[in-house]
Amino acid sequence: MPCPLHRAREGRGGRGRPQRQPVSDGPAGVARRAVAIAVAVRFNGALDPAPHAPSWPPPPAIRHPRFVTCIASSRALMDDHNEQRRIRLEKVQQLRSLGVNPYPYRFEASHTAGRLHAEGEALIASGAEVSLAGRLVAVRRQGKAAFCHVKDAHRRLQVYVRQDEVGAAAYGVFGLCDLGDYLGFRGAMMRTRTGELTLRARTVEVLAKAVRPLPVPKVEVKDGHEVVHDEVRDVEFRYRQRYADLALNDGVAEVFLRRAQVIQTLREYLLGQGFLEVETPILQVLYGGAAATPFTTHHKALDLPLYLRIATELYLKRLVAGGFDRVFEIGKNFRNEGIDRSHNPEFTMVEFYQAYADYTDMMAHFEAIWERCALALHGATRFTYQGTAIDVAPPWRRLTMKQAIGDLGGVDVDALSDEALQRLLGERGWEIAGGYRRGLAVARLFEELCEARLIQPTFVTDFPKESTPLCKAHRGDPALVERFEPFVCGFEVGNAYSELNDPVVQRELFEEQVARRRHGDQEAHPYDADFLRAMEYGMPPMGGVGLGVDRMVMLLTDQYSLRDVLFFPTMRPEAEGA
RNA sequence: GGGCCGGUAGCUCAGUCGGUAGAGCAUCUGACUUUUAAUCAGGUGGCCGAGGGUUCGAGUCCCUCCCGGCUCACCA
């Protein structure tokens with residue numbers, strides 16, 4: 001079943017500064033000023049999109065004031081006469097005047113920086129020529145020679161460039177290079193006097209000139225470990241300009257590499273268990289599978305209102321009815337809700353469904369996935385999250401919801417009358433959308449009293465039947481359903497059921513949901529007649545799971561906020577450009 | 001949406017009691033062919049988030065708004 005949530009944020013971008021006096025007054029000042037002017041003219045002429053842009057009818061959204069602001073600011077970008085950018089644009093022009101293309105087409109790199117580090121000794125011994133492409137992230141110039149660091153795929157390698165080896169012309173070109181530029185080198189590996197593995201360049205070439213200053217932090221190696229100075233920390237900057245954040249902060253890139261590892265581990269596990277990976281519609285005529293407010297959109301040709309899915313559940317179950325006994329989908333869900341450190345409007349969830357299984361089988365899968373992902377990242381089932389030691393080794397603790405409320409909340413639900421329960425909720429200001437029902441009150445009590453206190457991995461089982469319209473009744477208690485939610489570090493990280501497959505009961509539950517909606521529960525489930533039809537043809541018993549991928553990654557990588565495991569968290573547009 | 005905190009140079013940050021906007025790094029000029037936060041010397045660079053107000057005078061005080069963070073509410 002459906003599940004978890006997520007969210008994120010960003011940073012603001014600096015804009016350009018007013019134009020200042022071009023160029024310095026050195027001997028070449030005048031000539032350079034002329035070049036600067038030519039550059040400015042060409043640049044503006046080529047890039048200013050405004051006045052002559054084709055005027056196709058803009059989509060309505062573009063008329064939103066915020067978008068107008070964005071367009072205005074992107075024009076400001078073109079008019080930006082920020083000194084550092086201007087100087088770099090001049091350098092682009094200078095390269096061209098030297099016959100150098102600042103944006104050539106390709107470069108053959110024989111090695112990555114990582115491989116050069118790994119094979120350093122052998123390469124030094126053989127004296128073989130190697131080539132490397134990457135981004136300039138540090139330069140120490142000393143007249144006719146320079147040391148620099150080049151980064152590719154988040155690994156740094158020192159490169160030594162000497163005028164007498166690369167030639168005066170190429171050295172001059174190198175002199176026009178700035179931090180952030182992409183360069184290609186050929187040469188042989190060596191070790192410097194201080195012992196650092198270094199590529200001694202025989203050739204240098206520009207692969208792509210950067211025209212905006214990249215705020216590369218300085219890296220000091222002290223007592224064997226790296227100390228980073230002047231690192232860009234502004235979170236708004238980092239979230240909005242993730243491309244820069246990733247290029248600058250290796251720790252950030254590392255988090256996303258780990259995210260990819262988690263998803264790969266997850267996929268391999270499910271494939272290994274015989275699940276088929278499938279894709280189902282994101283654009284849906286009717287949403288369902290979770291209690292949430294959907295995003296709406298519209299198909300023009302069909303003149304059809306559509307929803308972005310809030311869960312994959314209902315389509316995956318249709319596939320099981322179609323004979324695919326084990327299916328899973330890893331994909332984005334969209335929920336039109338608030339944003340905080342554990343919620344983003346779009347988030348990644350994996351759902352999987354297994355015919356002839358129940359929710360206890362799903363617990364085993366759930367534990368296995370978390371265990372394998374923890375092992376993949378940490379080599380152990382233990383890790384720490386924000387200072388707290390967590391161990392995801394199976395089996396996880398199991399608590400029924402009533403036990404949880406009793407043990408963690410100190411409330412004996414069965415001893416409370418409906419009146420007492422309502423009074424308790426009323427005192428705390430905990431309202432039930434769509435009107436009081438005992439089961440919903442119990443579930444609310446659990447959320448308020450227990451969730452945040454479930455630190456070590458725990459399955460909370462046996463929810464009140466009113467908590468969902470898609471789950472099968474508990475085989476031992478008709479007031480309950482066979483549902484569990486796993487909690488880690490106080491976060492709900494999934495949701496699972498013994499799936500309801502009785503079409504008569506399903507119809508009744510849908511009807512109840514419709515009634516609740518009429519009474520004010522905006523998130524009540526819509527009536528899905530097609531899903532019901534699929535069930536009427538016969539749907540095998542099955543267990544189903546929804547697992548929040550972003551939250552799992554966040555916990556396994558010790559990130560405080562979901563935004564830190566999303567490349568581009570949802571944010572308001574920048575008020576001013578960048 | 002409420003509360004609290006923040007927005008000053010490309011980056012990281014100072015800025016007292018309301019009195020001419022600062023530092024380090026980056027950038028520019030010069031020196032330097034094994035440096036590594038390279039070093040040395042000299043420069044440039046600010047709509048102090050935006051708009052109003054108070055004041056002789058506002059980065060600083062007041063109001064409104066924008067963007068962000070935390071938190072509460074909402075919400076799986």
Side-chain angles (χ1 to χ4, degrees), chain A residues 1-7 9-18 20-21 23-29 65-66 69 82-88 138-149 158 160-165 171 178-180 190-196 198 200 212-222 226-237 239-240 244 248 290-293 310-311 333 335-343 345 347 349 429 431 433 447 451 468 485 491-495 522-523 546 548 551 560-561 563 571-576:
Chain A
M1 273 337 113
C3 48
L5 353 168
H6 320 306
R7 307 48 247 263
R9 268 280 150 50
E10 325 191 354
R12 82 207 141 83
R15 186 56 15 242
R17 282 300 133 190
R20 231 355 96 127
Q21 213 14 335
V23 202
S24 68
D25 278 319
R66 283 219 169 87
T69 307
N82 168 269
E83 185 185 29
Q84 292 191 45
R85 298 184 73 240
R86 185 179 46 68
I87 290 168
R88 287 170 182 234
V139 202
R140 294 173 294 281
R141 300 183 195 274
Q142 301 174 64
K144 298 185 181 62
F147 286 90
C148 57
H149 276 93
Q158 179 165 265
Y160 181 38
V161 184
R162 294 168 56 109
Q163 185 179 78
D164 60 6
E165 296 201 21
Y171 197 74
D178 296 290
L179 298 184
M190 59 169 263
R191 215 168 262 286
T192 61
R193 185 177 295 166
T194 54
E196 180 161 350
T198 301
R200 185 176 182 126
R212 181 185 290 263
L214 185 68
V216 183
K218 292 219 168 192
V219 179
E220 176 185 14
V221 179
K222 206 171 187 176
E226 292 189 345
V227 181
V228 179
H229 301 270
D230 294 331
E231 184 174 21
V232 176
R233 281 187 224 98
D234 180 76
V235 295
E236 188 175 347
F237 178 105
Y239 294 155
R240 286 194 196 280
L248 264 20
T293 306
I310 59 172
N333 287 339
R335 299 188 184 176
N336 209 337
E337 295 158 0
I339 295 176
D340 64 31
R341 78 165 171 122
S342 63
H343 297 77
F347 61 97
M349 185 155 78
E431 295 175 6
E447 289 170 17
E451 287 195 359
T468 168
E485 285 186 347
F491 291 101
E492 174 197 337
V493 293
N495 190 9
Q522 291 304 306
E523 299 193 336
R551 285 183 178 178
Y560 178 76
S561 170
R563 295 178 198 109
M571 309 224 14
R572 281 200 167 89
E574 293 170 88
E576 272 175 71

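The chains referred to below are lettered A, B, ... by the order of the sequence lines, with proteins before strands, and numbering in each begins at 1.
Between B:rG10, B:rA37, B:rU35, one nucleotide has an atom nearer to the side chain of A:F147 than all others, and that is B:rU35. Relative to the side chain of A:R341, the nucleotides B:rA37, B:rC32, B:rU71 differ in distance, and B:rU71 lies closest. Checking B:rU12, B:rC67, B:rU27 against the side-chain heavy atoms of A:R233 singles out B:rU12 as nearest. Listed candidates were B:rU12, B:rA37, B:rG68. Nearest to the side chain of A:D234 is B:rU12. When distances are taken from the side chain of A:E83 to each of B:rG45, B:rU34, B:rU33, the shortest belongs to B:rG45. Side chain of A:V232, nearest nucleotide from B:rU35, B:rC11, B:rG10: B:rC11.
Using Watson-Crick or G-U wobble geometry with both donor-acceptor distances under 3.5 Å, B:rA58 finds no partner in any strand shown. Base-pair partner of B:rU27: B:rG43 (Watson-Crick or G-U wobble, both distances under 3.5 Å).
Here the separation of B:rG59 from B:rA14, taken at their C1' atoms, is 12 Å to the nearest Å. Spacing of P atoms, B:rU29 relative to B:rG45, comes out at 15 Å, to the nearest Å. Nucleotides B:rA26 and B:rG19 place their C1' atoms 32 Å apart, quoted to the nearest Å. The same atom, C1', is picked in B:rU12 and in B:rG18; the two are 27 Å apart, to the nearest Å. B:rG30 and B:rC67 have their C1' atoms separated by 43 Å, with the value rounded to a whole Å. For the P atoms, the distance linking B:rU60 with B:rU54 amounts to 15 Å, nearest Å. Across the P atoms, B:rC70 and B:rA9 are found 23 Å apart, a figure rounded to whole Å.
Interface remark: the A:E231 side chain does not form any donor-acceptor pair with the B:rU12 base, using a distance-only criterion of under 3.5 Å. Under 3.5 Å, the side chain of A:R193 and the base of B:rU34 form no donor-acceptor pair of N or O atoms.
Scored by the ring pair (Phe, Tyr, Trp, His ring centres under 6.0 Å) test, A:Y160 finds A:F147 as partners (sequence neighbours excluded). Evaluation of the salt bridge (Lys or Arg N to Asp or Glu O under 4.0 Å) rule for A:E523 yields no partner, not counting sequence neighbours.
For A:K218 and B:rA38, the shortest distance from a side-chain N or O to OP1 or OP2 is below 4.0 Å. Within the structure, a side-chain polar atom (N or O) of A:Y560 is placed less than 4.0 Å from OP1 or OP2 of B:rU71. Contact annotation: A:R140 side-chain N/O to B:rU39 OP1/OP2 distance is not under 4.0 Å.
At the heavy-atom level, A:E451 lies under 4.0 Å from base atoms of the strands shown. Here A:V228 lies out of heavy-atom contact (under 4.0 Å) with every strand. Within the 4.0 angstrom heavy-atom criterion, no nucleotide atom of any strand lies near A:R88.
Looking only at atom types and distance, the side chain of A:Q142 has no donor-acceptor partner in the side chain of A:R162 under 3.5 Å away.
Taking the nucleotide of RNA chain B with the nearest heavy atom to each of A:D164 and A:A138, the more 5' of the two is matched to A:D164.
With respect to A:Q158, the side chain to side chain contact (heavy atoms under 4.5 Å, CB included) criterion is satisfied by exactly one of A:M190, A:R191, A:E196: A:E196.
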